[in-house]
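Structure first, commentary second.
Basis for what follows: all heavy atoms, side chains included, without hydrogens, waters or symmetry-related copies. None of the values given here were measured: they were computed from a predicted structure. Letters go in sequence order (proteins before strands), and every chain restarts at 1.
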Amino acid sequence: MFTLATWNINSVRLRAQLVCRLLADEAPDILCLQECKSPVDKIPAEVFHALGYHWIVARGQKGYNGVAIISRIPIEDAGDRDYARLGHARHVAARLPGGVVIHNVYVPAGGDEPDRTVNVKFGQKLDFLTDMRDAFHADRPGRSILVGDLNIAPREDDVWNHRQMLKIVSHTPTEVEHLGAAQDAGGWVDVTRKDIPTGPLFSWWSYRARDWAAANRGRRLDHIWATQDISGASHSSRILRDVRGWEGPSDHVPVFARFDLAP
DNA sequence: ATGGTCGCACAGCGA
């Protein structure tokens, strides 16, 4: 059995103490971070090490992007992909002792305008998802988990107001379709929604709201997926809303799931 | 309809 968490930390160096607090309070076996905004050699690995998290598999760059998998069970580096050939640190994979592979993904946000003819970043987001789809189609994953900030809230109840969000990047039909194609190509099951099938579910609230909790204009951008062969072993999904209220928070909160598998 | 807040790194870009 192991507990897995994913969290867009928005600078792992600035928020190393928040990571420690989560590790101490919730003790996930594996924590996947996105937007570390740090070269790998500047990630404060020692402080995680001191809490028993002896393994880190990461990709990084200066200032932007960056993904890391922090683990207290042994993991080995299982490589990375440069979807859409952006040259960004947006994917890394790790293998658990039993052979389960964990993909940690940070999908491009996509800018403000949901039109690739006027907004290059939106096109890059769609291309990233198309490349992911093609990779999973060519090499269909088994006994795998995919987590991360996918920057898309696919369902009506994954946003505070579906109608109002239809032309807002992260909830446009085009993006939802691209994400669905990548999900279908890999045979991925949305573990969070398997466990919590109905009702509003958010993992992100903008920094720009006067009062994020009162307005509650959230979106579910952060996801845990598993291939069908192991999705039945998952349970106890949780989204830690309270973490948004911690001092100096990330705009995202951690998403958790447990897997009844030998790690 | 607009502007609102962060982080990086030191001006403005990305989110």
Taking the [atom1] atom of each, how far is [N] from [M], in whole Å?
N: B:dG3; M: B:dA15; atom1: C1'; result: 16 Å
N: B:dC6; M: B:dT2; atom1: P; result: 23 Å
N: B:dT5; M: B:dA9; atom1: P; result: 22 Å

I'd like to know whether the aromatic ring centres of A:Trp188 and A:Phe136 sit less than 6.0 Å apart in this structure.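 Yes.
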A:Asp190 and A:Gln183: side chain donor to acceptor below 3.5 Å: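 Absent: no donor and acceptor within the cut-off.
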Please check if any side-chain donor atom of A:Asn216 sits under 3.5 Å from a side-chain acceptor atom of A:Arg241, or the reverse.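 Judged by distance alone, the side chains do pair up.
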Check whether A:Ile56 and A:Phe2 end up in the same hydrophobic cluster, where Ile, Leu, Val, Met, Phe, Trp and Tyr are linked by side-chain heavy atoms less than 4.5 Å apart.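 Yes, A:Ile56 connects to A:Phe2 through the hydrophobic network.
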Taking only residues at least two apart or on different chains, which pairs with a member in residues 103-118 of chain A satisfy salt bridge (Lys or Arg N to Asp or Glu O under 4.0 Å)?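 The answer is A:Arg116-A:Asp127.
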Separation of atom [atom1] in [X] from atom [atom2] in [N], rounded to whole Å:
X: A:Asn65; N: B:dA15; atom1: CG; atom2: C1'; result: 10 Å
X: A:Trp204; N: B:dA15; atom1: CH2; atom2: P; result: 13 Å
X: A:Tyr106; N: B:dA15; atom1: OH; atom2: C1'; result: 6 Å
X: A:Asp112; N: B:dG14; atom1: CG; atom2: P; result: 11 Å
X: A:Glu35; N: B:dC13; atom1: CD; atom2: P; result: 18 Å
X: A:Glu113; N: B:dG14; atom1: CD; atom2: P; result: 16 Å
X: A:Gln164; N: B:dT2; atom1: CD; atom2: P; result: 15 Å

Full working for side-chain contact (heavy atoms from CB on, under 4.5 Å) between A:Leu18 and A:Ser250: CA-CA 9 Å; A:Leu18 294 192; A:Ser250 168; 5.9 Å; no
Using a 4.0 Å heavy-atom cut-off, write out nucleotides 3-8 of chain B from 5' to 3' as B (base contacted by protein), S (sugar-phosphate only) or - (no contact). -BBSSS
Would you say A:Arg90 places a side-chain N or O within less than 4.0 Å of OP1 or OP2 belonging to B:dA15?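 So the side chain of A:Arg90 is within the cut-off, an N or O lying under 4.0 Å from OP1 or OP2 of B:dA15.
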When all nucleic acid strands are considered with a 4.0 Å heavy-atom cut-off, which category describes A:Arg244: base, sugar-phosphate, or nothing?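 Nothing, no heavy atom under 4.0 Å.
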For A:Ile152, does its backbone N or O pair with a side-chain atom of A:Glu175 as donor and acceptor, under 3.5 Å?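 Between the backbone of A:Ile152 and the side chain of A:Glu175 there is no qualifying donor-acceptor contact (under 3.5 Å).
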